[in-house]
There are 2 protein chains.
Amino acid sequence: MDEQRRDEELLAWVERVAAFFAKNNGLPLITGRVLGWLMVCDPPEQTAAQIAAAIGASKGSLSTAVRVLEAGGFVRTVTRPAERGVRLRVVDDVWERVARRKLEALGQFSGITADGLEILRDDPARAGRVRDAHRLFAWLEREIPPLFQRWEEDSS
Amino acid sequence: MDEQRRDEELLAWVERVAAFFAKNNGLPLITGRVLGWLMVCDPPEQTAAQIAAAIGASKGSLSTAVRVLEAGGFVRTVTRPAERGVRLRVVDDVWERVARRKLEALGQFSGITADGLEILRDDPARAGRVRDAHRLFAWLEREIPPLFQRWEEDSS
DNA sequence: ATTTGAGTTCAGTACGTACTAAACTGATTG
DNA sequence: CAATCAGTTTAGTACGTACTGAACTCAAAT
């Protein structure tokens with residue numbers, strides 16, 4: 001199997017992951033690239049310099065991208081004996097986090113709809129459209145946690 | 001109740017809806033404003049000029065925003081007898097559409113993870129992280145439709 | 001036929017922001 | 001101490017894009 005060809009394919013794949021992740025989370029593309037690369041790189045724990053070389057980004061960009069990814073809980077750092085710096089790896093349940101966060105964000109819209117109902121409290125006719133929305137998002141907010149609970153059970 | 005004060009509150013609320021909608025769907029803020037306004041305006045069917053005045057946008061902006069919202073199925077146009085132009089209103093199940101689309105987008109990531117597994121087919125050790133992700137998204141893709149089915153049932 | 005008004009198109013502006021390069025910091029190694 | 005290297009900071013660039021204003025199109029009204 002053509003070694004270099006596969007690397008190209010992987011890099012293209014990383015790009016797709018990056019697009020998906022960045023778009024869905026409102027984060028810069030480069031954070032998605034880092035995350036995508038860390039999904040498939042060998043070894044799975046790499047230095048910032050290695051990652052930068054792999055995805056063709058500058059040291060500076062990587063510095064900020066890593067800070068964001070760490071703050072978001074998507075990536076963590078590990079150290080190795082007899083090595084200067086730090087290495088990065090994806091946390092074990094990154095994508096569960098991503099999905100969970102996304103779904104919870106949806107549910108949180110019920111807070112906004114609730115406020116809308118409050119503003120229109122003495123104009124029930126006009127509040128109808130807001131009420132419809134509120135019903136759905138309140139329902140979602142209730143249903144999301146058990147959904148993930150089932151995932152935990154199903155996948156164990 | 002202070003009429004003008006409530007209008008201000010409503011406008012601020014519209015702004016929150018706009019932020020949520022635009023951010024979550026990668027659409028310009030103004031589309032969110034239109035949608036938010038159409039959730040609470042009276043009458044519920046309004047002309048582009050009315051909406052523009054309400055949210056303080058230009059005619060031109062509204063033209064493109066409406067095109068986008070219509071294409072996305074968030075808004076539809078209605079006509080009235082003895083009226084020149086067209087009026088806009090939110091479709092009845094806007095937010096269900098929004099939520100559905102969002103969840104389905106998550107599930108579709110399983111297509112990307114599947115491709116990743118394919119690329120790494122003869123390197124199973126390295127594919128481990130991708131496989132974990134794939135399990136989750138494939139599961140989500142299966143679970144989303146029944147979730148909404150339950151919503152249809154619960155809300156009827 | 002002229003006017004009116006709804007709606008589109010387009011050029012131009014303003015603005016945010018992703019990214020780089022290079023200078024800098026500060027800890028570690030020899 | 002001098003040298004090295006990981007990582008941060010910052011100034012600057014490039015780029016996309018949301019939005020406006022004004023010119024335009026075209027159907028309806030008078």
Side-chain angles (χ1 to χ4, degrees), chain A residues 11 14-15 17-38 43 45-72 74-89, chain B residues 11 14-15 17-38 43 45-72 74-89:
Chain A
L11 226 39
V14 167
E15 212 57 28
V17 174
F20 175 86
F21 176 78
K23 180 152 211 168
N24 261 281
N25 294 54
L27 292 178
L29 248 179
I30 201 174
T31 59
R33 292 202 186 99
V34 172
L35 194 59
W37 176 250
L38 286 175
E45 299 172 348
Q46 303 211 342
T47 67
Q50 286 175 310
I51 301 173
I55 66 174
S58 73
K59 244 176 25 145
S61 292
L62 228 79
S63 176
T64 60
V66 167
R67 188 166 47 237
V68 170
L69 287 172
E70 246 187 312
F74 302 118
V75 146
R76 67 192 191 82
T77 58
V78 299
T79 57
R80 291 193 178 183
E83 270 195 18
R84 266 214 188 178
V86 72
R87 282 171 181 257
L88 298 161
R89 58 170 301 164
Chain B
L11 226 40
V14 167
E15 211 57 27
V17 174
F20 175 85
F21 176 77
K23 180 152 208 168
N24 260 281
N25 293 55
L27 291 178
L29 247 178
I30 202 174
T31 59
R33 290 201 186 99
V34 172
L35 194 60
W37 176 250
L38 286 175
E45 298 173 348
Q46 305 211 341
T47 67
Q50 287 176 310
I51 301 172
I55 65 174
S58 73
K59 242 173 29 138
S61 291
L62 227 79
S63 176
T64 60
V66 167
R67 188 168 45 236
V68 170
L69 287 172
E70 246 187 314
F74 302 118
V75 146
R76 66 192 192 84
T77 58
V78 299
T79 57
R80 290 193 181 185
E83 270 196 19
R84 266 216 188 175
V86 72
R87 282 171 181 258
L88 298 160
R89 59 169 300 164

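Every chain is numbered from 1, with letters handed out A, B, ... down the list of sequences. From a predicted model like this one, the values you see are computed outputs, not experimental measurements.
E83(A) places its CD atom 10 Å from the P atom of dG7(D), with the value rounded to the nearest Å. E70(A) has its CD atom 10 Å from the P atom of dG7(D), to the nearest Å. For the pair K59(B) NZ and dT25(D) P, the interatomic distance rounds to 14 Å; values are reported in whole Å. Rounded to a whole Å, the CD atom of Q50(A) is 13 Å from the C1' atom of dA6(D).
Taking CG from L69(B) and CG from L27(B), the interatomic distance works out to 7.5 Å, rounded to the nearest 0.5 Å. Taking OG1 of T79(A) as the start and CZ of R87(A) as the end, the distance is 10.5 Å to the nearest 0.5 Å. To the nearest 0.5 Å, atoms CZ (R33(B)) and CG (L62(B)) are separated by 11.0 Å.
Using a 4.0 Å heavy-atom cutoff across all strands shown, A49(A) reaches no nucleic acid atom at all. L62(A) comes within 4.0 angstrom of no nucleic acid atom, judged by non-hydrogen atoms across all strands. If you check every strand for non-hydrogen atoms under 4.0 Å, R33(B) touches sugar and phosphate atoms only. Within the nucleic acid shown, G56(B) comes within 4.0 Å of sugar-phosphate atoms alone, with no base atom in reach, counting heavy atoms only.
Nearest-nucleotide positions on DNA chain C place A57(A) closer to the 5' end than the other of A82(A) and A57(A). For the pair V86(B) and I30(A), both in contact range of DNA chain C, the more 5′-proximal nearest nucleotide belongs to V86(B).
Residue S61(B) places none of its side-chain N or O atoms closer than 4.0 Å to OP1 or OP2 of dC19(D).
Inter-residue side-chain proximity for V17(B) and L35(B) is flagged as unmet; no heavy-atom pair is nearer than 4.5 Å.
Legend: side-chain hydrogen bond (donor to acceptor under 3.5 Å, both in side chains) pairs involving residues 52-66 of chain B, not counting sequence neighbours, sorted by first then second residue: S58(B)-S61(B).
You can see that DNA chain C meets the heavy atoms of chain A within a 4.0 Å-exclusive cut from dA18(C) to dT29(C), reading 5' to 3'.
A salt bridge is defined here as a Lys NZ or Arg NE, NH1 or NH2 lying under 4.0 Å from an Asp or Glu carboxylate O, and R76(B) with E70(B) fails to meet this definition.
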